[in-house]
Undergrad: 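Below you will find the structure I want to go over with you.
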2 protein chains.
Amino acid sequence: MARTAYHHGDLQQQAHQQALDIVREHGDSAISLRALARQLGVSAPALYRHFADRESLLAELAISGFEWLRQRLLSVDQSDSRQALIGIGLAYVAFAQQEPNLYRLMFGGRVLPQGVHPRLDEAGKNAFQVLEDTIASASECGYLKPMPLALMTATAWSLVHGLSLLTIDGHLPAADTESHLAEGVTSLLLDGAIATPPNSKNNEDTP
Amino acid sequence: MARTAYHHGDLQQQAHQQALDIVREHGDSAISLRALARQLGVSAPALYRHFADRESLLAELAISGFEWLRQRLLSVDQSDSRQALIGIGLAYVAFAQQEPNLYRLMFGGRVLPQGVHPRLDEAGKNAFQVLEDTIASASECGYLKPMPLALMTATAWSLVHGLSLLTIDGHLPAADTESHLAEGVTSLLLDGAIATPPNSKNNEDTP
DNA sequence: TATTTAAGTTAACGGTGTTAACATTGGCAT
DNA sequence: ATGCCAATGTTAACACCGTTAACTTAAATA
């Protein structure tokens, strides 16, 4: 449908873009369908021709965020196992720090519960898949200890997810040393925290 | 002021308790000052005698949550360094899993930004202090590698925070094996993930 | 060309947080 | 004991919000 005095012509995409800008700048709570329609020179119910409700619009924005994150993670160099693991972690945390409001929308949990928007769930899984593949590759190369893959992926994801949220919420200090912190944190996971070498009896799979 | 037909007598505390119940059951987005006043048999503006605004009420609830979490962490056995560290991690994640809505309110970030409610910030710091003290104790005992204390605390907190949020948001599977997952994750941090012993040259403080 | 259908409109419902102006009353100083 | 004051309630109103119903425009299609 072409542009007219009556028909906007390109709502949906323009609404998506404008809403994405608002979320990136002011967070998802700043999204108001009425205000959004006002900015686009259109009546509020017009948006309902393109989005089922406010939450569905937010889900679309989160999908964009996950696809964006996935591209960032895909562009990490995968030649060396250790550098790939640390690089993925750094890229993940960097994305969250550069797009804190978008990241919070993607992983808010409360505003966008899982199992409601299937395409959103899929987009999230696709992004996570990159991290999972990197870990699986490092495991197959023998770089990692023998352990269930799910344990390592859960640990790595928890670490970068937690670090991302704590830093963007201001619970961890030092904005300038953030990347150093992220590198130290991921390295610490790989090397272990305890002083005694893990040779004696802390492998629970081979007692 | 005593109870009367006109004066409620115990608003503030009853509002706090009722709101806390609602948040625990349905999340912070279910808190409506008008509905809350309705349930307490009082007019909506009456609540403004006791809470500056909706956000301040939520901040009070979050403070309760942090004090609760702190008590849970304080009751962890501290005799053995390793068991103390793992126990703190398990208690932390268990709290988040048992009170997911309250935990999300405490660490939402978007609904309760840091630096706005000083008493809330202090309550959060007090809870975090328990984890920090446990790590400092283990470090002084020589159980941990020599490293900046801030690095270890940031890593540990990131790990349990991320694991908490990922599980309560349904991003990690298996509700029944959650505690096993939490234990595996924390152990993995202590022992390290890589197969080769960390003897060669991965201490960045002593090159 | 006639008709269906996609995409916009206005009007309205019920809900929200919040403020202003006013009413009640317990507790304290005289 | 009494009179005042501050604490704590009240109602009315403002400016929003998401959402739906009923209607209009105009593009696409048969």
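Treat the numbers as computed from the prediction; the structure is a model and nothing was measured. Residue numbers start from 1 in every chain, and the chains themselves are labelled A, B, ... in the order their sequence lines are given, proteins ahead of strands. Heavy atoms only: backbone and side chains are in, while hydrogens, waters and symmetry mates are out.
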Undergrad: Take atom CZ of B:F51 and atom P of D:dT8, then tell me their distance rounded to the nearest Å.
TA: 12 Å

Undergrad: If we count only N and O atoms by modelled type, under 3.5 Å, do the side chains of A:R34 and A:Q39 hold a donor and an acceptor together?
TA: no

Undergrad: So do A:I31 and A:V23 actually touch side chain to side chain, heavy atoms under 4.5 Å?
TA: yes

Undergrad: If I take atom CD in residue B:E55 and atom P in nucleotide C:dT16, what distance separates them, rounded to the nearest angstrom?
TA: 19 Å

Undergrad: Could you tell me how far apart A:L33 (CG) and C:dT9 (P) are, to the nearest whole angstrom?
TA: 14 Å

Undergrad: Hey, is the side chain of A:H50 poking within less than 4.0 Å of OP1 or OP2 on C:dA6, counting only N and O atoms?
TA: no

Undergrad: Please confirm whether any donor atom in the side chain of B:R34 sits under 3.5 Å from an acceptor in the base of C:dG15, or the reverse.
TA: no

Undergrad: Remember a base hit wins even if backbone is also touched, and classify A:L47 as base, sugar-phosphate or nothing at under 4.0 Å, heavy atoms.
TA: nothing

Undergrad: How many whole angstroms separate atom CG of A:L36 from atom C1' of D:dG18?
TA: 13 Å

Undergrad: For B:Q114 and A:G170, work out which heavy atoms get closest and say how close.
TA: NE2-O, 2.7 Å

Undergrad: With nearest nucleotides of DNA chain D determined for B:A46 and A:A35 from heavy-atom distances, which residue corresponds to the more 5′ nucleotide?
TA: B:A46

Undergrad: Mind checking if A:L57 touches a base, just sugar-phosphate, or nothing, with heavy atoms under 4.0 Å?
TA: nothing

Undergrad: Calculate the interatomic distance between B:L11 atom CG and D:dT8 atom C1'; express it in whole Å.
TA: 9 Å

Undergrad: Any donor-acceptor pair under 3.5 Å linking the side-chain atoms of B:R72 with those of B:Q98?
TA: yes

Undergrad: Taking CD from B:Q39 and P from C:dG15, how many angstroms apart are they, rounded to a whole number?
TA: 14 Å

Undergrad: Which nucleotide in the list C:dT9, D:dT19, C:dG17 gets nearest to the side chain of A:V42?
TA: C:dT9

Undergrad: Considering just the side-chain nitrogens and oxygens of A:S32, establish if one lies under 4.0 Å of OP1 or OP2 belonging to D:dC16.
TA: no

Undergrad: Under 4.0 Å, counting only non-hydrogen atoms across every strand here, what does B:S43 touch: a base, just sugar-phosphate, or nothing?
TA: base

Undergrad: Please classify the nucleic acid contact of A:R54 as base, sugar-phosphate, or nothing, using heavy-atom distances under 4.0 Å.
TA: sugar-phosphate

Undergrad: From the set D:dG9, C:dG17, D:dT20, return the single nucleotide nearest to any side-chain atom of A:Y48.
TA: D:dT20

Undergrad: Can you label the angle between the A:H161 ring and the A:Y103 ring as parallel, tilted or perpendicular, going by 30° and 60°?
TA: tilted

Undergrad: Let me know the distance between CG of A:L40 and P of C:dA7, rounded to the nearest Å.
TA: 16 Å

Undergrad: Assuming nearest nucleotide by heavy-atom distance, tell me which of A:R38 and A:R49 is located more 5' along DNA chain D.
TA: A:R38

